[in-house]
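Heads up: the structure comes next, in structure tokens.
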Amino acid sequence: MQNNGKIKKLVNFLFAAMAVLTVAMIVASIVNASKRKQAFNIPEDIELVQLETLSGNIADDAMITVISTDYGDMAAELYPQFAPETVENYKSLSESGYYDGTFIYEVEKGIHLGGGCVYNDGSLPDGYDKSIETVGPEISKNLWPVKGAIMSCGLTHTTLWRGQETYSGSRFLISGSIEFTDEIKTQMLDMQGNTKVADMFIEYGGTPNVSQQITVFAQIFDGWDVLDAVLDVQTEESTLKPVQDIEITGIRVCTYKEYMESKG
């Protein structure tokens, strides 16, 4: 009888735990849906800094990152004014040599690539420093996943009131672009708020489905041929890992003036 009582308590506990988990999942789903709905509710006076970068209007003292790979270099403007902790984490890792000999570990053909991992399958090393993988999300309506946007990819966690969030970390994603059909263009232009962001996506391409869900911290402005070449590599169907390893030979941070001088 005593064992039966213990079993009954255990069953009741499990049911209660499942109920709490179910409620948490429902709340998280509602929160995430609300966040997606609000993503394109954009103020009229929004400053879309990526447009300046993409147009080549870059200040001499702007902070630039150069990602060197087997396929060549990609240069991007960093945005510490909107993602200060993410940029500082990335800059610190770059200057320490962390990215030397890391890999582009994932490519969804034409859509995005994942890079900056010490292993070619995207996994983190044993005993990794969680402080570099759990920098708080820095989501800004000034920054969007247009083509060439660099987004920081750390660990994910779920909270009851904020839904699922992606920390900034050592790994990063670079947007390619979905196909902007007439239907998608119409849907974007019909979104609540002004059409500035929709127009930017339609003109430059990108992956609007992840808008306002992951920290954007930089925008590529040079090396588009390299980005396109990597986005077109053959991958393993189940894992999206490139069939042939693609190495990141190094990442450096400099000013735009220094970058242009280095190009001769």
Side-chain angles (χ1 to χ4, degrees), residues 32 35-36 39-40 50 54 65 67-76 83 86 90 99 102-124 133 137 139 143-156 163-185 187-188 197-198 200-249 251:
N32 285 330
K35 286 167 69 175
R36 287 192 294 271
F40 287 87
Q50 288 159 285
L54 290 164
T65 180
I67 302 171
S68 298
T69 75
D70 290 338
Y71 281 64
D73 293 351
M74 294 176 283
T86 301
Y90 173 86
Y99 290 115
T102 57
F103 295 93
I104 291 175
Y105 59 86
E106 176 182 284
V107 177
E108 184 175 1
K109 193 176 182 70
I111 305 299
H112 81 273
L113 66 83
C117 189
V118 296
Y119 297 132
N120 65 0
D121 64 356
S123 61
L124 294 168
E133 301 297 339
I139 308 298
L143 297 170
W144 299 82
V146 295
K147 184 176 180 179
I150 305 181
M151 300 170 283
S152 190
C153 180
L155 302 177
T156 59
Q164 188 178 77
E165 292 183 326
T166 300
Y167 288 117
S168 293
S170 61
R171 297 164 297 177
F172 52 83
L173 304 176
I174 303 180
S175 285
S177 184
I178 64 170
E179 179 184 355
F180 281 83
T181 63
D182 290 340
E183 181 181 1
I184 291 175
K185 290 178 182 179
Q187 289 174 351
M188 293 194 68
V197 172
M200 181 170 65
F201 273 116
I202 292 168
E203 180 175 358
Y204 292 101
T207 53
N209 52 302
V210 296
S211 295
Q212 304 296 291
Q213 297 178 48
I214 184 169
T215 300
V216 176
F217 69 97
Q219 175 63 52
I220 286 176
F221 63 87
D222 196 13
W224 294 104
D225 56 334
V226 176
L227 176 60
D228 288 338
V230 174
L231 288 172
D232 195 44
V233 300
Q234 184 180 358
T235 61
E236 296 178 0
E237 185 175 352
S238 60
T239 64
L240 300 181
K241 185 169 80 71
V243 172
Q244 297 290 330
D245 282 348
I246 305 174
E247 185 178 339
I248 294 174
T249 55
I251 292 179

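Within the 3.5 Å criterion, the main-chain N or O of S68 finds a donor-acceptor partner in the side chain of T249. With hydrogens and angles ignored, the 3.5 Å screen pairs no side-chain donor or acceptor of E108 with any backbone N or O of L231. Remark: side-chain polar atoms of N120 are not paired, donor with acceptor, to backbone N or O of D245 under 3.5 angstrom. Of the possible donor and acceptor atoms, none in the side chain of S177 sits under 3.5 Å from a partner among the backbone N and O of G205.
Contact annotation: the side chain of V107 approaches that of L113 to within less than 4.5 Å [non-hydrogen atoms, C-beta and beyond]. Residues L54 and I220 are not in side-chain contact: their nearest non-hydrogen atoms beyond the backbone lie 4.5 Å or more apart. Using a 4.5 Å cut-off on side-chain heavy atoms (C-beta onward), W224 and K147 make contact. Counting only heavy atoms from C-beta outward, the side chains of V233 and I246 approach each other to under 4.5 Å. Counting heavy atoms from C-beta outward, L173 and C153 have side chains that approach closer than 4.5 Å. Under the 4.5 Å side-chain criterion, counting only non-hydrogen atoms from C-beta, I178 is in contact with I184. Looking at heavy atoms from C-beta onward, F172 lies out of side-chain contact with S152 at the 4.5 angstrom threshold. When side chains are defined from C-beta on, D232 counts as touching K109, because their heavy atoms get closer than 4.5 Å.
Pairs passing the salt bridge (Lys or Arg N to Asp or Glu O under 4.0 Å) check and including a residue from residues 167-183, sequence neighbours excluded, do not occur. Identified under the salt bridge (Lys or Arg N to Asp or Glu O under 4.0 Å) test for residues 214-224, with sequence neighbours left out: D222-K263.
Closest heavy-atom contact between C117 and T102: O-CB, 3.2 Å. Nearest heavy atoms, S211 versus P208: OG-O, 2.8 Å.
Atom CD of residue Q213 and atom OG1 of residue T156 lie 12.0 Å apart, to the nearest 0.5 angstrom. For the atom pair CD1 of I248 and OH of Y105, the computed distance is 9.5 Å after rounding to the nearest 0.5 Å. Rounded to the nearest 0.5 Å, atoms CG (L143) and CD1 (I214) are 13.0 Å apart. To the nearest 0.5 angstrom, Q219 atom CD is 10.0 Å from I174 atom CD1. Rounding to the nearest 0.5 Å gives a distance of 5.5 Å between CD1 of I150 and CZ of F217. Taking CD of Q244 as the start and CD of E247 as the end, the distance is 13.5 Å to the nearest 0.5 Å.
A distance below 6.0 Å separates the ring centres of Y90 and Y99. In this structure, F103 has its ring center no closer than 6.0 Å to that of Y119.
Here the options are Q212, Q50, M151, H112, the test is side-chain contact (heavy atoms from CB on, under 4.5 Å), and the partner is P145; only M151 passes.
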### Query
So I251 and T65, side chain to side chain contact (heavy atoms under 4.5 Å, CB included) or not? Walk me through it.
CA-CA 7 Å; I251 292 179; T65 180; 3.4 Å; yes
### Task
Could you check S175 against T207 for side chain to side chain donor-acceptor pair (under 3.5 Å), going step by step and ending with a plain yes or no?
CA-CA 6 Å; S175 285; T207 53; 3.0 Å; yes
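For E133 and S170, the side-chain atoms include at least one donor-acceptor pair closer than 3.5 Å.
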